Amino acid sequence: MKIKKQAKKEIEELEARIVAYQEMPARENERRVRIGGNFEDAVKKMSSTPPVSSDDIKAWAKKQREDTED
């Protein structure tokens, strides 16, 4: 009986940490998966994004390297 109560308490603590983590602002170079979103909305959002050129990708990769080196 004690183990079940302890496990339930741990699960509730983890859920609270997940919710608190999701509410924190994300940095520009950080990607997070949002719980509770739906697939159709994600597809609509991805389909409305403009295409990316290879020069843009190079610039993005360079910026990512600089950010991680700092």
Side-chain angles (χ1 to χ4, degrees):
M1 203 64 171
K2 201 175 203 182
I3 295 173
K4 288 184 181 181
K5 287 184 181 181
Q6 185 178 7
K8 185 176 179 181
K9 183 179 178 183
E10 289 175 357
I11 291 171
E12 290 172 352
E13 289 174 359
L14 285 172
E15 288 174 347
R17 286 159 95 200
I18 289 170
V19 170
Y21 178 76
Q22 286 183 330
E23 291 173 356
M24 292 171 36
R27 296 179 307 194
E28 183 181 334
N29 64 346
E30 185 178 75
R31 304 290 181 251
R32 293 189 185 164
V33 175
R34 298 289 180 194
I35 297 174
N38 77 29
F39 182 75
E40 289 81 15
D41 290 342
V43 170
K44 286 178 186 176
K45 185 175 181 180
M46 288 189 307
S47 66
S48 66
T49 57
V52 179
S53 70
S54 59
D55 291 333
D56 292 337
I57 293 173
K58 288 177 189 175
W60 177 83
K62 182 178 179 181
K63 185 176 183 307
Q64 293 295 310
R65 281 194 301 275
E66 291 170 355
D67 287 348
T68 57
E69 290 173 356
D70 291 340

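Note that the coordinates shown come from a computational prediction; the quantities given were computed from them, not determined experimentally.
- Using a 4.5 Å cut-off on side-chain heavy atoms (C-beta onward), Glu15 and Val19 make no contact.
- Taking CD of Gln64 as the reference point, atom CD of Glu66 lies at 10.0 Å (rounded to 0.5 Å).
- One distance of note links NZ of Lys63 with OG1 of Thr68; it measures 10.5 Å at 0.5 Å rounding.
- A search for side-chain contact (heavy atoms from CB on, under 4.5 Å) contacts involving Lys58 returns Asp55, not counting sequence neighbours.
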